[in-house]
Amino acid sequence: MKEFSLIDTYFRDVSFQRKDVLLGIGDDCAITQIPAGQALATTTDTLVSGVHFLPDADPKAIAQKAIAVNLSDLAAMGAEPAWLSLSLSLPNVDENWLKAFSEGFKELTEYYSIQLIGGDTVQGPLAITITAQGFVAADQALKRSGAKPGDFVYVTGTLGDAGLGLDILQDHTDVDNAEHKAYLLNRLHYPSPRVFAGTSLRRVANACIDISDGLLADIKHILKASQCGACLQLDKLPLSSAMVDSVDQDSAFHYALSSGDDYELLFTVSEEQKSSVDRVLACSNVPATCIGQINGAVGKVDLKFNDESYAYSQTGFEHFNSGESSNKHRNNAKRA
Ligand code: ADP
Ligand code: MG
């Protein structure tokens with residue numbers, strides 16, 4: 001199969017058709033229309049075989065994760081997703097792989113009413129790059145720089161599940177309860193981008209980020225951009241019952257603080273807006289938990305457990321970091 005018939009067969013009609021796409025796949029560029037009063041939010045993420053997923057991973061899961069990690073970035077900005085571009089590097093044309101990949105793609109783009117508007121297809125090591133674009137009024141974007149001392153720190157969903165899922169996948173640990181195990185692996189393979197939570201928080205949150213490299217690593221981005229510090233109460237961390245039933249408490253805190261791939265939102269809210277959080281999130285189907293407060297100690301994260309200091313040194317995952325502090329719970333796919 002040649003490049004063009006591959007694009008025609010697997011990607012031309014793979015997604016929802018939007019009215020704001022004036023010209024989609026097939027020409028030199030896509031032409032799209034941004035709604036009046038809105039600005040364009042653009043983000044890109046790449047998933048590389050052997051780094052972000054195992055080479056034999058389910059193509060449907062790869063497609064959906066590649067979309068989800070991008071939608072998570074749009075959600076963290078409070079942007080409503082609209083369009084995707086897909087750059088695909090494939091070692092060969094494996095029609096079974098492409099069929100499952102494009103089916104996974106179709107399912108999620110239909111769910112979010114977003115359209116694939118173009119891309120590029122090349123031969124090379126398996127890698128998927130997606131660029132996602134969405135809309136947000138420029139003055140309503142949820143930036144990292146808006147947190148203020150006194151703000152309350154919230155996270156959506158539960159933390160650490162995907163990290164424990166990765167350890168199960170790589171045989172670093174095991175979980176006896178089959179239901180818990182399936183849940184944890186599902187959280188790793190099919191992250192839920194908090195798209196509706198993100199748009200709902202636009203008038204409520206002062207700052208927002210998605211947690212992709214671990215809570216501690218990602219809150220530090222907010223603290224740096226906002227020039228403040230934070231105190232977090234570990235006893236308040238939202239943990240799934242699969243997590244609580246499967247590992248001891250310190251391990252659960254470690255997964256929640258430092259393992260990657262959560263794709264939950266972390267946001268800060270002023271005292272005045274605190275009572276609005278549950279109301280605006282009610283229709284997004286995801287709860288948020290207050291886990292601490294922003295303070296003036298620039299760049300510092302104070303960890304407390306039942307109001308006493310909790311000693312902890314690890315941070316999240318970083319590429320190009322082979323040192324001791326990189327997170328052993330993420331992206332060891334190469335070694336598996
Ligand atoms: P060009 O030579 O101008 O780069 P291509 O031959 O790469 O164009 O692509 C032809 C058309 O197919 C373009 O509209 C491009 O956006 C689209 N396209 C190519 N690869 C993909 C893909 N993997 N997914 C979606 N659209 C694609
Ligand atoms: Mg091209």
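These values consider heavy atoms only, across backbone and side chains, with no hydrogens, waters or symmetry-generated copies. For ligands, and for the atoms within them, numbers begin at 1 and follow the listed sequence.
- Using a 4.0 Å cut-off to heavy atoms of D28, the atoms of ligand 1 that qualify are 3 (O).
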Could you walk me through whether E264 and R194 pass the salt bridge (Lys or Arg N to Asp or Glu O under 4.0 Å) check?
CA-CA 7 Å; E264 296 295 345; R194 301 306 187 186; 2.8 Å; yes
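- With a 4.0 Å heavy-atom cut-off, ligand 1 is reached by the side chain of I7 but not by its N, CA, C or O.
- Taking all heavy atoms of I117, V14, T129, I25 into account, the minimum distance to atom 12 (O) of ligand 1 is reached by I25.
- Between E308 and K304 there is no salt bridge, since no side-chain nitrogen of the basic residue lies less than 4.0 Å from a carboxylate oxygen of the acidic one.
- Annotation: F11 places no N or O atom under 3.5 Å from an N or O atom of ligand 1; distance criterion only.
- Residue G26 has at least one N or O atom closer than 3.5 Å to an N or O atom of ligand 1.
- Sorted by first and then second residue, the pairs that involve residues 17-40 and meet salt bridge (Lys or Arg N to Asp or Glu O under 4.0 Å), not counting sequence neighbours, are R18-D20.
- Annotation for ligand 1: atoms under 4.0 Å from non-hydrogen atoms of D27 are 13 (C), 14 (O).
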Return all side-chain donor-acceptor pairs below 3.5 angstrom for residues 267-283, not counting sequence neighbours, or 'none' if the list is empty.
unit_1 : atom_1 : unit_2 : atom_2 : d
T268   : OG1    : D151   : OD2    : 2.8
S270   : OG     : Q273   : N      : 3.3
Q273   : OE1    : S276   : OG     : 3.4
S276   : OG     : R279   : NH2    : 3.4

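- In the hydrophobic clustering of this structure, I62 does not group with Y190; members are Ile, Leu, Val, Met, Phe, Trp, Tyr whose side-chain heavy atoms approach within less than 4.5 Å, directly or through other members.
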